[in-house]
Protein chains: 2
Amino acid sequence: MDDICSGEGDDGRVVRDLLEHLGDKWTLLVVGMLEGGAIRYSELKNRVPGISQRMLTLTLKKLERDGLVSRESFPEIPPRVEYELTPLGHTLLPPAIAFAAWAHDSSAEILARRAEFDARVTR
Amino acid sequence: MDDICSGEGDDGRVVRDLLEHLGDKWTLLVVGMLEGGAIRYSELKNRVPGISQRMLTLTLKKLERDGLVSRESFPEIPPRVEYELTPLGHTLLPPAIAFAAWAHDSSAEILARRAEFDARVTR
DNA sequence: CGGAATCCGGAGGGATACTG
DNA sequence: CAGTATCCCTCCGGATTCCG
């Protein structure tokens with residue numbers, strides 16, 4: 001398909017940028033966690049195991065900047081901030097889920113192939 | 001969906017690893033270029049604009065190790081090496097294309113939101 | 001032609017401490 | 001609680017050179 005490939009034109013560039021953009025260590029995980037609806041910062045942090053405050057904040061800000069996630073802060077004590085997928089953000093869900101499903105379904109075979117390959121090379 | 005999320009269990013770990021694995025700078029692009037069938041190293045390098053020899057080699061080796069790509073070298077002069085998606089590799093194509101299509105369709109709106117956001121913050 | 005090996009700068013990202 | 005600010009270090013990945 002040309003969408004993935006095309007080396008020429010601004011279009012290809014943008015697509016590549018987005019791919020790289022979403023492909024970082026945390027973005028897809030965070031998006032996945034937002035599937036269920038609005039959720040607050042600390043809850044998000046709990047559900048994405050291993051993420052640091054710094055990375056969670058940066059990831060959310062990036063997503064907010066791109067219009068994929070909306071942020072609402074409630075001036076209470078203690079403070080509460082909720083994040084939610086925007087309509088645009090929701091459109092990302094199907095491809096992301098398809099991707100995750102593929103990874104889930106293929107992981108066993110991939111691990112097997114990997115072990116096979118390593119055994120062949122190590123010897 | 002649990003597939004993207006689940007923090008517990010080896011399963012979640014593997015999926016996350018694969019996501020991170022495929023999410024690097026070049027892997028998806030290379031897979032996309034292989035859609036059309038077997039293709040040789042230099043041709044691949046031409047079609048993935050901006051990739052270095054090092055990264056192309058590393059990416060291909062990683063894909064080969066995971067059983068997504070097969071490598072066949074022809075002992076000729078000059079040497080020729082062809083890469084091709086394995087059946088397992090082909091199963092990655094649909095999700096990857098869905099992803100690229102999303103990026104393609106959404107890029108305009110994302111760029112708009114980004115500009116909007118930046119204007120709001122910069123002021 | 002198709003790599004492998006080496007060098008190297010800089011971004012990515014973790015840990016920690018502080019603030020409103 | 002929800003961040004921000006700093007430090008610091010790993011390792012990704014580009015450029016270059018060498019080999020079969």
Side-chain angles (χ1 to χ4, degrees), chain A residues 7 13 16-31 33-34 37-66 69-84 117-118 120-122, chain B residues 7 13 16-31 33-34 38-66 69-84 117 120-122:
Chain A
R13 280 207 146 185
R16 234 177 308 146
D17 286 351
L18 283 181
L19 245 15
E20 184 174 344
H21 173 83
L22 294 171
D24 75 4
K25 197 172 181 181
W26 301 109
T27 302
L28 276 194
L29 273 333
V30 170
V31 170
M33 299 311 311
L34 289 169
I39 182 178
R40 54 192 297 183
Y41 184 89
S42 57
E43 183 62 15
L44 212 40
K45 183 159 160 43
N46 288 335
R47 294 218 214 165
V48 181
I51 197 172
S52 62
Q53 290 184 355
R54 170 193 163 83
M55 279 304 105
L56 180 54
T57 300
L58 287 179
T59 301
L60 286 170
K61 192 160 291 178
K62 196 176 58 178
L63 287 169
E64 189 194 359
R65 182 165 107 102
D66 287 352
V69 160
S70 63
R71 186 195 117 116
E72 184 172 14
S73 85
F74 302 84
E76 306 168 352
I77 294 182
R80 175 167 57 107
V81 178
E82 289 193 344
Y83 292 89
E84 188 173 12
F117 183 92
D118 290 348
R120 206 177 315 135
V121 173
T122 303
Chain B
R13 281 207 145 184
R16 236 177 307 145
D17 286 351
L18 284 181
L19 246 14
E20 185 174 343
H21 173 83
L22 295 172
D24 76 5
K25 198 172 180 179
W26 301 110
T27 303
L28 275 195
L29 274 334
V30 170
V31 170
M33 299 311 311
L34 290 170
I39 182 178
R40 55 190 298 182
Y41 184 87
S42 56
E43 183 62 17
L44 212 40
K45 182 158 160 44
N46 289 334
R47 294 218 214 164
V48 181
I51 196 172
S52 63
Q53 290 184 356
R54 171 191 163 83
M55 278 305 106
L56 180 54
T57 300
L58 286 180
T59 301
L60 286 170
K61 192 160 291 175
K62 196 176 59 178
L63 286 169
E64 188 193 0
R65 182 165 106 102
D66 287 351
V69 160
S70 63
R71 187 194 117 118
E72 184 173 13
S73 84
F74 301 85
E76 307 167 353
I77 292 182
R80 175 167 57 108
V81 179
E82 290 193 345
Y83 293 89
E84 188 174 12
F117 183 91
R120 205 178 315 135
V121 172
T122 302

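Both backbone and side-chain heavy atoms feed into the values below; hydrogens, waters and symmetry mates do not. Convention: sequence-line order gives letters A, B, ...; per-chain numbering from 1.
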Taking distance alone, no hydrogens or angles, what donor-acceptor pairs closer than 3.5 Å link side-chain atoms of residues 55-62 of chain A to residues at least two apart or in another chain?
residue : atom : partner : partner atom : Å
A:Thr57 : OG1  : A:Tyr41 : OH           : 3.0
A:Thr57 : OG1  : A:Gln53 : O            : 3.0
A:Thr59 : OG1  : A:Met55 : O            : 2.7
A:Lys62 : NZ   : A:His21 : O            : 3.4
A:Lys62 : NZ   : A:Asp24 : OD2          : 2.5
A:Lys62 : NZ   : A:Thr27 : OG1          : 3.1

Over how many whole Å does the gap from B:Ile39 atom CD1 to C:dG2 atom C1' extend?
14 Å
Gap between atoms CG and C1', on B:Leu56 and C:dG2 respectively (whole Å)
10 Å
Which atoms of nucleotides 14-20 of chain C (N or O only) lie under 3.5 Å from a protein N or O atom, and what are those distances?
residue : atom : partner : partner atom : Å
C:dG14  : OP1  : A:Lys25 : NZ           : 3.2
C:dG14  : OP2  : A:Ser52 : OG           : 3.3

Gap between atom CE of A:Met33 and atom OH of A:Tyr83 - 0.5 Å precision:
15.0 Å
With heavy atoms under 4.0 Å as the rule, sort B:Tyr83 into base, sugar-phosphate or nothing.
sugar-phosphate
Side chains of A:Val69 and A:Val31: does their closest heavy-atom pair fall under 4.5 Å?
no
Side chain to side chain donor-acceptor pair (under 3.5 Å) with B:Arg65: which residues, sequence neighbours excluded?
A:Asp118
Could you give all pairs that pass the salt bridge (Lys or Arg N to Asp or Glu O under 4.0 Å) test and reach residues 69-82 of chain B, with sequence neighbours left out?
B:Glu76-B:Arg80, B:Arg80-B:Glu82
Result for 5'-nearest mapping on DNA chain C, choosing between A:Leu58 and B:Lys61, is B:Lys61
Report the end-to-end axis angle of the helix from C:dC1-D:dG20 to C:dG20-D:dC1; each axis comes from five terminal pairs, and the value is rounded to 10°.
40°
Round to a whole Å and report the spacing from CG of B:Asp24 to P of C:dA11.
18 Å
Can you pull the contact range of chain B along DNA chain D, 5' to 3', using atoms under 4.0 angstrom from its heavy atoms?
D:dG13 to D:dG20
For the pair made of CD1 in B:Ile77 and P in C:dC1, what is the distance, rounded to whole Å?
13 Å
